[in-house]
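One structure is given here, and the rest of the page talks about it.
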Amino acid sequence: MSKAHPFSFELPDKVLTSLPTGAVKDTVEHLGQRIARGYYKMGAILPKEDELVEALGVSRTVVREAIKVLCGKGLVRTARRYGSRVCHFDDWNLLDPDVIRWHDPDSPLTSRIYSEATHLRFIFEPEAAALAAVNASEAQRETILAAAKSIHPETSEPEMIGADYAFHSTILQASGNLMLSQLQNLIYAVLIFSYSAGQKRAPDEQVSRKSHIEVAEAILSGDAELARTRMRDMLTQNKLVAEKIAISTAAQKPNNV
């Protein structure tokens, strides 16, 4: 069966991570995941530099650079008197896709992030859709519609995530607001969880596809109020999924913090 449009959607590399490369990246990934998954508890002091050098088989410079990256993401704080301490969850940069990605998809913290990110999207995405209906270029309108039509069961998961990301990120870009445009990384991180943890418990995929197309058609027609309403309706489905995930996670792991 031939595709109905010439578009091909892939996730751009730039949104996958904000990490450096090489040994520093590997070290940040290792420590970041251990912190996010609770191996190093909040408030705990990380192993001393010498211990990390020996345990990870990297240089002091690599360890120091990795700690700097983690500090920038709000996961740790350093001081001369104690070294590096894991920060409280409230201090973590939860708009950073790396920080979100490091969590266990089935953990209560992940459930909380997904739920609160969904509520945040409720605040800005309907307005972004309304602005896009007014400000989008013809090429952006076509991309949004083509991406919406690519979200269907016959599409592979990587292509579907790529199309879903293209749909939402193009709407943010088409809003004409630079601040909204910079929320693309948050969209990426939330989509990854919605497919890894939430999609299995989501409503009918055809319903999701239909709602995406309805938003796209409103933007294509230039109807700002309709685009706002349809985006809000679509995100209501996401909110229901987030609530199901929260209930399911609490039932499976009632004693986890």
Spacing of [X] atom [atom1] and [Y] atom [atom2] [to the nearest 0.5 Å]:
{"X": "N185", "Y": "S169", "atom1": "CG", "atom2": "OG", "answer": "10.0 Å"}
{"X": "E29", "Y": "Q33", "atom1": "CD", "atom2": "CD", "answer": "7.5 Å"}
{"X": "H119", "Y": "L235", "atom1": "NE2", "atom2": "CG", "answer": "11.0 Å"}
{"X": "I219", "Y": "L145", "atom1": "CD1", "atom2": "CG", "answer": "10.0 Å"}
{"X": "D26", "Y": "H30", "atom1": "CG", "atom2": "NE2", "answer": "10.5 Å"}
{"X": "I123", "Y": "T118", "atom1": "CD1", "atom2": "OG1", "answer": "11.5 Å"}

Closest approach of [X] and [Y], non-hydrogen atoms and distance?
{"X": "A132", "Y": "I171", "value": "CB-O, 3.9 Å"}
{"X": "L191", "Y": "I161", "value": "CD1-O, 4.5 Å"}
{"X": "A147", "Y": "A163", "value": "CB-O, 3.4 Å"}
{"X": "A128", "Y": "L172", "value": "CB-CD2, 3.8 Å"}
{"X": "S84", "Y": "T78", "value": "OG-CG2, 3.1 Å"}
{"X": "L109", "Y": "H103", "value": "CB-CD2, 3.9 Å"}

Hey, does [Y] have a side-chain heavy atom less than 4.5 Å from the side chain of [X]?
{"X": "Y40", "Y": "V76", "result": "no"}
{"X": "D98", "Y": "V28", "result": "no"}
{"X": "C87", "Y": "L75", "result": "no"}
{"X": "L186", "Y": "I100", "result": "yes"}
{"X": "E49", "Y": "L52", "result": "no"}
{"X": "D164", "Y": "F9", "result": "no"}
{"X": "Q184", "Y": "Q173", "result": "yes"}
{"X": "I187", "Y": "R121", "result": "yes"}

N/O donor-acceptor pair under 3.5 Å between [X] side chain and [Y] backbone:
{"X": "R232", "Y": "F122", "result": "no"}
{"X": "R85", "Y": "G43", "result": "yes"}
{"X": "S221", "Y": "A218", "result": "yes"}
{"X": "S211", "Y": "S208", "result": "yes"}
{"X": "T27", "Y": "V63", "result": "no"}
{"X": "R141", "Y": "A133", "result": "yes"}
{"X": "N135", "Y": "S175", "result": "yes"}

Is the closest basic N to carboxylate O distance between [X] and [Y] below 4.0 Å?
{"X": "R230", "Y": "D233", "result": "no"}
{"X": "R60", "Y": "D50", "result": "yes"}
{"X": "K210", "Y": "E217", "result": "no"}

Are [X] and [Y] linked, directly or through other ILVMFWY residues, by side chains that come within less than 4.5 angstrom of each other?
{"X": "V215", "Y": "L120", "answer": "no"}
{"X": "W102", "Y": "L95", "answer": "yes"}
{"X": "V53", "Y": "I67", "answer": "yes"}
{"X": "V99", "Y": "L46", "answer": "yes"}
{"X": "Y165", "Y": "M231", "answer": "no"}

Exercise. Is E54 atom CD crowded by more than 12 heavy atoms from other residues, nucleotides or ligands, each under 6.0 Å away?
Worked result: no

Exercise. Is the count of non-hydrogen atoms from other residues, nucleotides or ligands lying under 6.0 Å from R77 atom CZ greater than 12?
Worked result: no

For this session: Please work out whether the ring planes of H212 and H168 are parallel, tilted or perpendicular, with thresholds of 30° and 60°.
Result: perpendicular

